[in-house]
Amino acid sequence: KSSYEVGDTVLYQDRETNVRVLHRIVAQRGGHFVTKGDNNDFVDPVRPLPDEVLGRMWFSVPGAGSVLSWLKQPVHLAILLGLLLLVGVGGGREVTQRRAPANRPVVALPDAAANGPAVSATVGRAFATVGVVALALFATLAVVAWATSESSTRPVARLYAHAGTFAYSAETKRDAVYPSGTVETGMPVFTRLVDTLRVSFSYRLDAARASDLHGSIGLDAVVRDTSGWERTLLLAPDRTFVGPTASVEGLFDVDAFEELVVQARELTAAPLAAITVELRPRVAVSGTTGPTRVDDTFGPHLDFSYDGTTLQPLPPAGASPGTAPSFSARRLEPGTVTLPRTVGVGSHAFGVDDARRVSLLGVAASLAVLLLGAGLLVSTGGVSRSGRIEARHGSRIVPARAVVPEERWVTDVDDIEDLVRIADAYDRVILRVAEDNGDVYLVDDGIAVYRYRARAEQGGAASPLPSPSW
């Protein structure tokens, strides 16, 4: 037994359009679910089986659909990217609070005038990081979007359906045969009591998607007998129509019909040949239903037998004995539907065309941000050792003027990473002092001073100094 009940919001695969739909169950009929969107005033034309339901909605985020739709606009996505950049820059400039040891000498005094290069390096690193991440994401989106075709086709058993209804009527005298004085659809037509029969046909094209259609419609009566004789009588000439529905109406002259039958029997010498009258509409329709092109004709018919006194409507050909005449006709048309492809997740995914535009805009913006960050990094240190150190550890380095008392113990380290580990161990900042032959980086733990000297030359490790001479 299905675990889904009326009131549940479920996700199912629409077998007609191959699109996933998230709607609420409002009823169960014949083993199928009847679903409806909460904001729709009509139920869904497709009624999924329990096996076609993919899952139930557990929770919802109010407004999430509107946010995703807003993000589908390239301009809006660019605004979001700009905000992310600002957040990235702000995050790159975070200040780490350090505990100041009590009753210990102060090794360095911050130099506010020297903060410019460090800030520029921090901002440049933040821009470069955001640019690289955004470039990777948008490049991936571009590869997927440009490798995916904009649409796909899928065969369906019911692309659309032609449908129509016959009707006839006549006014006559009130008598024992027609007490109301009216002949209506389904009644036999006694030709001695009816002079003119008004016949009509109402047409419509049923499709799951909105249609943009036009065409022409007319009506004939085909008189024939079993000897092979046939005559077509024009009841209504072709007229044009616009839209999925149309109707046509004409007059069948019963007296003229009987005269025609008498003449034909005399000429063919076949007085016993059975006569039939076939009402046949002529429908030609063109246009589109959804993305599908329609160019088709529809020509059902309603047959009457004539025995010399009565026109009697007949059941469809091949029907079993006793079957009542049918005054409605319907023809399903299989075909292929063209479905737009999407890139993303769920019903809020990007269309392929939108995804391509967004990816190009994102790649361009990411490259601009990356180049800006690279420019800031180059301008604040190029490829020098100090520049690389600032780029890697700039958020924890404080520019300073260092004054180390002679009695302090100074330990030199050979690698900046060792100094970073010492700073982490003692929860200290790293002080940077600019000298003529390169930058010096210090960590003061309150007892000893640890030092790394970055030479101005490219490459090479700093050599330990024998004593603190500065």
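The chain is numbered in sequence order, starting from 1.
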Asks: To the closest 0.5 Å, what do you measure between OG1 (T226) and CD1 (I275)?
Replies: 7.0 Å

Asks: Should Q28 and Y4 be marked as a side chain to side chain donor-acceptor pair (under 3.5 Å) after you check the CA-CA gap, both sets of side-chain angles, and the distance that decides it?
Replies: CA-CA 10 Å; Q28 295 187 45; Y4 305 110; over 6 Å; no

Asks: Could you list the residues that satisfy side-chain hydrogen bond (donor to acceptor under 3.5 Å, both in side chains) with S180, not counting sequence neighbours?
Replies: none

Asks: Angle between ring planes, Y306 versus F257, binned at 30° and 60°: parallel, tilted or perpendicular?
Replies: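 Y306 vs F257 ring planes: perpendicular.
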
Asks: Take atom CZ of R293 as the centre, draw a 6.0 Å sphere, and report whether it contains more than 12 heavy atoms from other residues, nucleotides or ligands.
Replies: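 Enclosed.
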
Asks: Look up atom CG in D295 and atom CG in L213, then write down how far apart they are to the nearest 0.5 Å.
Replies: 11.0 Å

Asks: Check the pair T232 / D220 against side chain to side chain donor-acceptor pair (under 3.5 Å), numbers first and verdict last.
Replies: CA-CA 7 Å; T232 300; D220 291 334; 5.9 Å; no

Asks: Are any side-chain N or O atoms of S227 and backbone N or O atoms of A270, one a donor and one an acceptor, separated by less than 3.5 Å?
Replies: no

Asks: What's the separation between atom CG in D8 and atom CD1 in I25, rounded to the nearest 0.5 Å?
Replies: 5.5 Å

Asks: Any sub-3.5 Å donor-acceptor pair from R198's side-chain atoms to S169's backbone N or O?
Replies: no

Asks: Decide, yes or no, whether a salt bridge links R421 with D424 under the criterion of side-chain N to carboxylate O below 4.0 Å.
Replies: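 Looking at D424 together with R421, the answer is no, because their closest N to O distance does not fall below 4.0 Å.
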
Asks: Sequence neighbours left out, what passes side-chain hydrogen bond (donor to acceptor under 3.5 Å, both in side chains) with Q312? Give chain and number order.
Replies: none

Asks: The test is side chain to side chain contact (heavy atoms under 4.5 Å, CB included); show your working for V248 and V283 and say whether it passes.
Replies: CA-CA 10 Å; V248 63; V283 180; over 6 Å; no

Asks: Using atom types as modelled and distance alone, determine if a side-chain donor or acceptor of R24 lies under 3.5 Å from a backbone N or O of G7.
Replies: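 Here the side-chain-to-backbone pair exists.
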
Asks: Verify the distance criterion only: is there a donor paired with an acceptor across the side chains of D303 and T276 at less than 3.5 Å?
Replies: no

Asks: Can you tell me which residue pairs pass the salt bridge (Lys or Arg N to Asp or Glu O under 4.0 Å) test with a partner in residues 159-187, sequence neighbours excluded?
Replies: none

Asks: To the nearest 0.5 Å, what is the distance between CD on E258 and CZ on R192?
Replies: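 Nearest 0.5 Å value for the CD-CZ distance: 8.5 Å.
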
Asks: Examine distances only and state if a side-chain atom of R282 and a backbone atom of S216 form a donor-acceptor pair shorter than 3.5 Å.
Replies: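 Not a single qualifying donor-acceptor pair exists.
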
Asks: Determine, using ring centers only, whether F33 and Y12 are less than 6.0 Å apart.
Replies: no

Asks: Which residue, F252, Y168, F166, forms the ring pair (Phe, Tyr, Trp, His ring centres under 6.0 Å) with F304?
Replies: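 So the option named by the test is Y168.
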
